[in-house]
Amino acid sequence: MSRRTIDIAFPKAKVAVFLDGCFWHGCPQHATSPKANADWWRQKLDRNISRDRETTAHLVAAGWTVLRFWEHENPVAVAADIAAAVAATHGSDTEQS
Ligand SMILES: [Zn+2]
């Protein structure tokens, strides 16, 4: 987990998709705090979360649309959201205004 890459990228549409694990990325519904080595885990998971925010900020600054989903989300709904985002970006690409 030293470096985070985009899970699914649409370079032409500039849409980046991240599928975040509930535990590793601090899902508000499923985040748990291991009892053993609690401080170490807290620091490690906090680092993951702040790295997620940095990654998102960098991509947005570069003009990307960033979509983040939790691993517990319905895959069908996730796929529909991704398709809609890519389609929306593609639509604006073809406008010559
Ligand atoms: Zn979750």
Side-chain angles (χ1 to χ4, degrees):
M1 299 294 293
S2 61
R3 185 167 172 274
R4 193 85 208 287
T5 55
I6 300 170
D7 292 318
I8 307 171
F10 299 87
K12 211 175 152 194
K14 284 198 155 191
V15 172
V17 180
F18 294 90
L19 301 167
D20 292 336
C22 292
F23 173 72
W24 292 105
H25 298 275
C27 164
Q29 288 177 43
H30 303 110
T32 52
S33 303
K35 299 271 189 294
N37 301 312
D39 288 347
W40 184 87
W41 277 109
R42 190 65 259 157
Q43 283 180 24
K44 178 158 188 63
L45 298 179
D46 281 351
R47 263 204 310 278
N48 281 352
I49 293 163
S50 60
R51 190 181 299 128
D52 288 346
R53 292 207 190 98
E54 278 174 34
T55 304
T56 299
H58 284 147
L59 286 166
V60 169
W64 285 67
T65 300
V66 178
L67 303 177
R68 285 189 173 274
F69 301 97
W70 295 109
E71 67 180 358
H72 69 254
E73 291 190 64
N74 179 344
V76 175
V78 168
D81 280 358
I82 295 169
V86 173
T89 314
H90 184 72
S92 66
D93 275 353
T94 54
E95 270 177 37
Q96 297 295 319
S97 54

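The figures that follow rest on heavy atoms only: side chains count, while hydrogens, waters and symmetry mates do not.
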Colleague: Within this structure, what is the CG-CG distance for the pair Leu67 and Asp7, rounded to the nearest 0.5 Å?
Modeller: 11.5 Å
Colleague: Please find the pair of heavy atoms, one from Gly26 and one from Ile49, that lie closest to each other, and give the distance.
Modeller: CA-CD1, 3.9 Å
Colleague: Can you list the residues that meet the ring-ring contact (aromatic ring centres under 6.0 Å, His included) rule with His30, with sequence neighbours excluded?
Modeller: His72
Colleague: I want to check something: taking the side chain as every heavy atom from C-beta on, are Phe18 and Ile8 in contact at a cut-off of under 4.5 Å?
Modeller: no
Colleague: Nearest 0.5 Å, what's the CD-CG distance between Gln43 and Leu45?
Modeller: 10.5 Å
Colleague: State, with a plain yes or no, whether a side-chain heavy atom of Phe69 is found less than 4.5 Å away from one of Val17.
Modeller: yes
Colleague: Check whether Glu71 reaches the backbone of Cys22 with its side chain - one donor and one acceptor, N or O, closer than 3.5 Å.
Modeller: yes
Colleague: So which atom in Lys14 and which in Ala62 form the shortest heavy-atom distance, rounded to 0.1 Å?
Modeller: NZ-O, 2.8 Å
Colleague: Under 3.5 Å, sequence neighbours excluded: what are the donor-acceptor pairs made by side chains of residues 73-82?
Modeller:
unit_1, atom_1, unit_2, atom_2, d
Glu73, OE2, Trp70, N, 2.8
Asn74, OD1, Val76, N, 2.9

Colleague: Testing the basics here: between Pro11 and Ala9, what is the closest heavy-atom pair and its distance to 0.1 Å?
Modeller: CD-O, 3.4 Å
Colleague: Indicate yes or no: at least one non-hydrogen side-chain atom of Phe23 is less than 4.5 angstrom from one of Pro34.
Modeller: yes
Colleague: What are the two closest non-hydrogen atoms of Ala13 and Thr89, and how far apart are they?
Modeller: O-CG2, 2.8 Å
Colleague: Could you check if a side-chain atom of Thr55 sits within less than 4.5 angstrom of a side-chain atom of Arg68, using non-hydrogen atoms only?
Modeller: yes
Colleague: Go through the steps for Val66 and Val15 under the test side-chain contact (heavy atoms from CB on, under 4.5 Å), then give the verdict.
Modeller: CA-CA 6 Å; Val66 178; Val15 172; over 6 Å; no
Colleague: Any idea which heavy atoms bring Phe10 and Trp64 closest together, and the distance?
Modeller: O-CZ3, 4.1 Å
Colleague: Regarding Asp52 and His25, is there a side-chain donor-to-acceptor distance under 3.5 Å anywhere?
Modeller: yes
